[in-house]
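I have placed the structure first, in the form of structure tokens, so that the comments after it can refer back to it.
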2 protein chains.
Amino acid sequence: MSDERRKFKRESADQRKEALIQATLSLVAENGVRGATVRAIAERADVTQGLIRHYFSTKEELVTAAYETHMTEMTDLTFAMAAKVRGSARDQLAALVRVSLEPPVAEPRAVALWASFLNKVQQDAQMKATHERTYADFRDRLQDLIRAVLDEAGRSVSDTRLHHLATACNGVIDGLWLEGGALPDAFAPGELPGIGVESVGAIIGLDLEQRAQQP
Amino acid sequence: MSDERRKFKRESADQRKEALIQATLSLVAENGVRGATVRAIAERADVTQGLIRHYFSTKEELVTAAYETHMTEMTDLTFAMAAKVRGSARDQLAALVRVSLEPPVAEPRAVALWASFLNKVQQDAQMKATHERTYADFRDRLQDLIRAVLDEAGRSVSDTRLHHLATACNGVIDGLWLEGGALPDAFAPGELPGIGVESVGAIIGLDLEQRAQQP
DNA sequence: TCACTAATTATACACTTGCATAATTACGAA
DNA sequence: TTCGTAATTATGCAAGTGTATAATTAGTGA
């Protein structure tokens, strides 16, 4: 029998990488990219700093991986939650807007991360590509949904017009998302999703709030 | 006659402070708050680093001053440009939206600064106050303008409704401002102001594009 | 012209940073 | 059980950080 404590535990590579990435993200959210020092990351992941270099050959690599993880999680989460809604295109559009403006998508941490990474995104080509892809994905999906909603309502619009509508709706969503995260106390719970649905409805010229009534 | 070059030139306190603040802002926009080191700031302001401490007792103080300057400049600039427009409330609202979505208000540098400061804003009480005041100022002014536009059109709405409309319009403006600055190549010149005016019009239920025709 | 003073530079220090490299230790295979 | 190896820790280093303090220098008033 030994009462010696193991000095450390071995984990799988995936677990350790994920732990390091999550530690990085929480620190970036709090103090920005430069505030996420290797020592702070190691401490938060309950590991000594040397281990970081064992999994990521440089801090840059870790930060980039953390950004990819975060963006992918956000996109997947948003689409997954919105996809749970079955019903008319109109209901689905309303759900997508709502999900985008509620936690866990819309919350201070997410906005802080977005803001913290912006500098690096504008300089690093790989991160820039991720950023643009994420943006385009969301807007394309939004555009498809808007088209379906308009079809459903028997209205037809030109491609140019549809593109404008999608950009505008994306703008409202992003703007409200931003404000909700940057000024969390300025809005009542549920206020932003409500405003979002109403505004998107106004822009495309349909009332999204009136749910399809089917027992 | 002496061909000795003066080793430095004395400037007024205001000029030096302003130069240091501008150097700080450009560095913050490029590399974030932590990237704006005293040595880099000094170099960009064409000064040795010791001088910074002569005008600002700490780096924190300089950064806070730079933030205040930037936010004040942005607000003043927006309102000043919008105020140049004379005419109906509707025209003024349209002008405010346009100005907010065109350079020099809407440009990558401004968005980068906003993002870079966000972390500090959420932690530092003084900066937080500045942030909230700026936001409230803009939204209140927007709200007043919307009320005037609705009055002009012979429509009346409740205070609650007006508040919602202002928040929504502010959201579109902020969102488009953000996207224009974060993805400058994703939009054609003039595209965002157009979308902004159209969307704000849709939200409040009036066409802002049709100018008042009076010879 | 000549000090006097504040603006500016010069230098130094303690601390943090990312990265490298050596020394341990856990855990599976034999 | 023992042994090998990869995971993990321990230690060190050069460069960069903010700040403090002393040494210069420019411009002003007498």
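Computed from a predicted structure; not experimentally measured. We name chains A, B, ... by the order of the sequence lines, and we start the count at 1 in each one.
- A cation-pi arrangement is present between B/Lys17 and B/Phe56 under the rule of less than 6.0 angstrom and at most 45 degrees off the ring axis.
- To the nearest angstrom, P of C/dA20 lies 14 Å from CD1 of A/Ile52.
- Rounded to a whole Å, the NZ atom of B/Lys59 is 17 Å from the C1' atom of D/dA20.
- With a 6.0 Å cutoff to the six-membered ring centre and a 45° limit on the axis angle, B/Arg16 does not count as a cation-pi contact of B/Tyr55.
- The interatomic distance linking B/Arg10 (CZ) with D/dG27 (C1') rounds to 5 Å, in whole Å.
- The distance from atom CG of A/Leu51 to atom C1' of C/dT25 is 13 Å, rounded to the nearest whole Å.
- Nearer to the 5' terminus of DNA chain C, by closest-nucleotide assignment, is the contact made by B/Thr48 (compared with the other of B/Thr48 and A/Val33).
- As rounded to whole Å, 17 Å separates atom P of C/dA23 from atom NE2 of A/His54.
- Within the 4.0 angstrom heavy-atom criterion, only backbone atoms of the sugar-phosphate kind lie near A/Thr37; the bases stay farther away.
- Put simply, A/Thr58 has a side-chain N or O that comes within less than 4.0 Å of OP1 or OP2 on C/dC19.
- As a whole-Å value, the separation of B/Ile41 CD1 from D/dG16 C1' is 14 Å.
- Rounded to a whole Å, the CD atom of B/Gln49 is 12 Å from the C1' atom of D/dT21.
- Listed pair B/Tyr55 / C/dT8 meets the phosphate criterion, a side-chain N or O lying under 4.0 Å from OP1 or OP2.
- Side-chain contact check for A/Phe117 versus A/Val63: some heavy-atom pair is nearer than 4.5 Å.
- Side-chain nitrogen and oxygen atoms of A/Arg16 include at least one within less than 4.0 Å of the OP1 or OP2 phosphate oxygen of D/dT8.
- For the residue pair B/Arg109 / B/His70, no side-chain donor-acceptor distance below 3.5 Å is found, with atom types taken as modelled.
- Between the side chains of A/Asp137 and A/Thr75, no donor-acceptor pair is found at a separation under 3.5 Å.
- At D/dG16, none of the side-chain N or O atoms of B/Arg39 fall inside 4.0 Å of OP1 or OP2 (strictly under the cut-off).
- Between the CZ atom of B/Arg34 and the P atom of C/dT17 there is a distance of 8 Å, given to the nearest Å.
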